[in-house]
Amino acid sequence: MKVDLSDTRKIIQQYRKKKGILIPLLQEIQADYGYVPKESVDLISKELAIYPVEIYGILTFYAQFYLTPRGRHTIKVCQGTACHVMGGKEILDYLSNKLEISEGETTKDNMFSLERVACLGCCGMAPVVVVDNNFYGRCTIQKLDKLLEKYQEIK
Amino acid sequence: MEIKVLICMGTSGLSAGAEEVARTFESELKRKNLIKKCKIIRTGDRGLFRDTLVDIITPDGRVTYEYVKPEDVSKIVDEHLLQGRPVKRLQAGKDYKQFFAGQLRIVLSNCGEINPEDIDDYITHGGFNALKKVFSMVPDKVVDEIEKSGLRGRGGAGFPTGLKWKFCKNAKGDVKYVVCNADEGDPGAFMDRSVLEGDPQSVIEGMTIAGYAIGATEGFVYCRAEYPLAIKRLGMAISQAKEKGFLGKNILNNEFSFDITIKQGAGAFVCGEETALLASIEGRKGMPRPRPPFPAQEGLWGKPTLINNVETFANIRHIMMKGAEWFSSIGTEKSKGTKVFALAGKVKNTGLVEVPMGTTIRELIYGPGGGMMKKRIGLKGVQIGGPSGGCLPESLLDIPIDYESITQTGAIMGSGGMIVMDKKTCMVDMARFFLNFTVAESCGKCVPCRVGLKRMLEVIEKITEGKGKKEHINFLHEMGITIKNTALCGLGNTAPNPVLTTLKYFPNEYQAHIKNKSCPAHVCLELLKFEVIKENCVKCGQCYKACPVGAIDWKKKEYPKINKEKCIKCKSCINACDFMAIQ
């Protein structure tokens with residue numbers, strides 16, 4: 001699949017000649033494409049005279065960046081302390097089994113991406129699952145089955 | 001008088017559906033022709049999790065409603081606003097009152113009370129008065145006042161704030177920076193997020209005062225990207241403050257200029273460490289470096305930089321308004337003021353609690369916390385300070401909360417996460433949980449942290465899988481102490497604490513895993529048999545109802561039977577059982 005680089009070009013223009021730009025620049029690229037394509041990295045490297053190794057260093061150091069496209073729905077399972085005590089790990093394990101992917105991966109049909117997140121700060125609703133920015137508190141495995149069914153239908 | 005309708009809409013409120021409640025109020029008030037007499041105020045979270053909290057303030061007084069759903073709104077409007085009879089059924093009950101009764105709210109005083117997206121609301125609540133007052137003082141006097149107040153950094157380590165300001169003020173350099181650390185990465189701590197969502201201007205005011213005191217003209221807030229609402233509201237607050245002349249060039253027509261920029265984190269826990277944070281603002285990998293030089297001498301782009309945490313900055317305006325003497329009259333001899341705790345886990349009322357330093361942990365749990373969630377499963381201990389902190393047993397709950405007393409136990413104050421654990425929590429598993437976290441978040445720069453923690457995790461994993469050996473206990477202890485003494489930064493120095501404290505206070509649990517190959521709390525999967533313990537079972541059928549795959553046979557007044565072929569070992573039954581009757 002060919003990546004359209006016109007947005008990357010526009011974004012690079014806004015950041016020329018500013019200090020401390022690499023992280024916000026990559027964040028904006030990811031917000032635009034949903035991930036950071038290799039082609040964009042190459043272009044940033046050329047345009048701003050930064051070695052690709054430096055850019056990949058940042059992309060792989062920070063958990064927020066993705067180098068591959070994401071699924072249609074992103075499921076984040078909170079693994080904060082309160083959620084852990086209330087059974088958050090079982091929820092992550094269950095989803096991982098059911099969707100047949102590990103955390104950080106996307107299902108083959110591109111429907112779901114599964115992620116862990118350290119803490120969402122809604123500890124009173126533990127255990128918490130977030131699907132596409134919608135929060136679901138006091139989750140049980142039975143509730144999850146219904147949730148997956150619901151999102152399966154939203155394409 | 002105008003009628004006020006306050007609706008709590010921080011991340012917690014919104015995730016419980018507060019926006020829909022607010023919209024229903026709007027349309028309902030319009031329909032009943034009351035909209036002109038009423039003002040709907042969308043506030044941040046007040047700190048207690050009660051789904052949607054709504055307060056109605058009329059000339060007759062203030063009534064709080066909890067768990068409000070959109071379908072309740074028309075009843076509240078009809079009976080309370082039109083007929084003057086508050087709806088009893090929805091009013092906040094005993095627990096709500098108990099939660100707030102034992103608190104002293106200074107940092108959180110505006111959270112849940114004002115509209116964080118409207119600077120005028122902040123101003124009517126006394127906002128920016130401290131800044132105006134500060135301009136009549138010389139910078140030295142401001143630093144003095146903070147030093148005298150005895151305020152200490154609320155980010156965890158508890159370094160005296162006034163001293164830090166003084167170092168930075170006295171550091172040589174024409175350009176200086178103020179940085180607010182809002183990279184609240186500790187799982188289980190969310191006070192900084194709530195302050196930024198509910199009262200962002202107080203942080204701006206605190207930073208501006210700091211800028212004036214140390215002679216800086218530029219400030220940065222480094223905020224976790226996982227907090228989109230906090231970033232949005234802080235951004236709005238900054239641009240409104242600029243419009244009103246509280247930020248920008250020649251603030252309030254003084255010579256002093258100060259500006260604030262938000263920098264978003266990108267998901268790295270280590271960036272909460274100050275030197276890593278600075279590297280990240282500079283656009284590099286967030287890796288710590290050795291100190292000295294401290295950031296107060298050489299910080300951002302090599303310039304003297306003052307770094308304080310959100311809660312610390314939120315305290316500043318109160319100290320400047322009410323004076324150092326007032327502030328230092330609260331708390332203990334060495335720890336002044338209040339501390340905000342994020343109380344969660346197996347406790348009845350969960351949320352943000354602000355108490356004076358010196359309060360005991362027990363008072364916190366049984367006062368605002370309302371006691372255990374399920375009395376039947378008693379309290380085992382408390383985890384304090386997140387991945388850098390430790391697990392304390394019940395016998396230590398009467399120690400006062402101050403920096404020194406908590407450090408003595410082997411835990412640390414940390415940012416203020418406090419997770420209450422009951423008998424269904426396995427301490428070895430807790431140690432594994434935190435190690436898992438710190439191993440994943442270790443930046444990899446220094447060997448003790450990168451390699452040492454990983455080795456500790458491997459051993460703990462063996463123990464939880466029933467492959468533990470006697471000598472493992474010594475190994476964990478030795479390795480933990482070595483890492484504490486040799487790691488480069490705060491992450492590594494404190495990462496062994498969860499293991500060391502559980503070894504110290506809960507040795508029997510390690511022994512049970514190693515010797516008896518059993519997990520007393522029925523948590524560690526590899527040691528579970530998925531069998532019913534008939535002595536404990538009351539035949540209630542909760543396990544049967546919780547099982548998602550129908551692997552449990554149960555009839556009234558009979559013991560349940562677990563069909564091991566169908567069982568997927570998801571532990572739903574164990575979590576649902578209040579009697580610890582499945583092992």
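Only this structure's heavy atoms are used, side chains among them; waters, hydrogens and symmetry mates stay out. This one's a predicted model, so the numbers in the text were calculated from it and none came from an experiment. Letters A, B, ... mirror the listed sequences (proteins, then strands); counts begin at 1.
- Side chain to side chain, B/Ser15 and A/Tyr136 fail the donor-acceptor criterion of an N or O pair below 3.5 Å.
- In this structure, A/Gln142 contributes its side chain and B/Lys545 its backbone to a donor-acceptor pair below 3.5 Å.
- A distance-only check finds no donor-acceptor pair linking the side chain of B/Thr425 to the backbone of A/Val85 [under 3.5 Å].
- Proximity of a side-chain donor or acceptor of A/Tyr62 to a complementary backbone N or O of B/Gly265 within less than 3.5 Å is not detected.
- Side-chain atoms of B/Lys571 do not come within 3.5 Å of backbone N or O of A/Gly87 as any donor-acceptor pair.
- Atoms NE2 and CZ, from A/His84 and B/Arg432 in turn, are 7.0 Å apart once rounded to the nearest 0.5 Å.
- Within the 4.5 angstrom heavy-atom criterion, only side-chain atoms of B/Phe434, from C-beta onward, approach chain A.
- In this structure, chain A has no heavy atom under 4.5 Å from any part of B/Ser194.
- Of the atoms belonging to B/Arg50, not a single heavy atom falls under 4.5 Å from chain A.
- Both the backbone and the side chain of B/Cys443 come within contact range of chain A, with heavy atoms under 4.5 Å apart.
- Taking B/Lys346, B/Lys424, B/Met287 one by one and counting their heavy-atom pairs under 4.5 Å with chain A, the maximum is reached by B/Lys346.
- Heavy atoms closer than 4.5 Å to chain A are found in the backbone of B/Glu282, but not in its side chain.
- Only the backbone of B/Ile281 comes within contact range of chain A, with heavy atoms under 4.5 Å apart.
- Looking only at heavy-atom pairs under 4.5 Å with chain A, the residue among B/Ala342, B/Cys570, B/Ala576, B/Ser12 that has the most is B/Cys570.
- Contact annotation: the side chain of B/Asp186 never approaches that of A/Cys119 to less than 4.5 Å [non-hydrogen atoms, C-beta and beyond].
- Using a 4.5 Å cut-off between heavy atoms, A/Leu144 does not touch chain B at all.
- Contact of the B/Thr350 side chain with the A/Cys123 side chain is not registered, since no non-hydrogen atoms from C-beta on lie closer than 4.5 Å.
- B/Asp45 does not touch chain A: none of its heavy atoms, backbone or side chain, sits under 4.5 Å away.
- Only the side chain of B/Met373 comes within less than 4.5 Å of a heavy atom in chain A; its backbone stays farther off.
- Applying the side-chain hydrogen bond (donor to acceptor under 3.5 Å, both in side chains) test to residues at least two apart or on different chains, none of the pairs has a partner in residues 50-60 of chain A.
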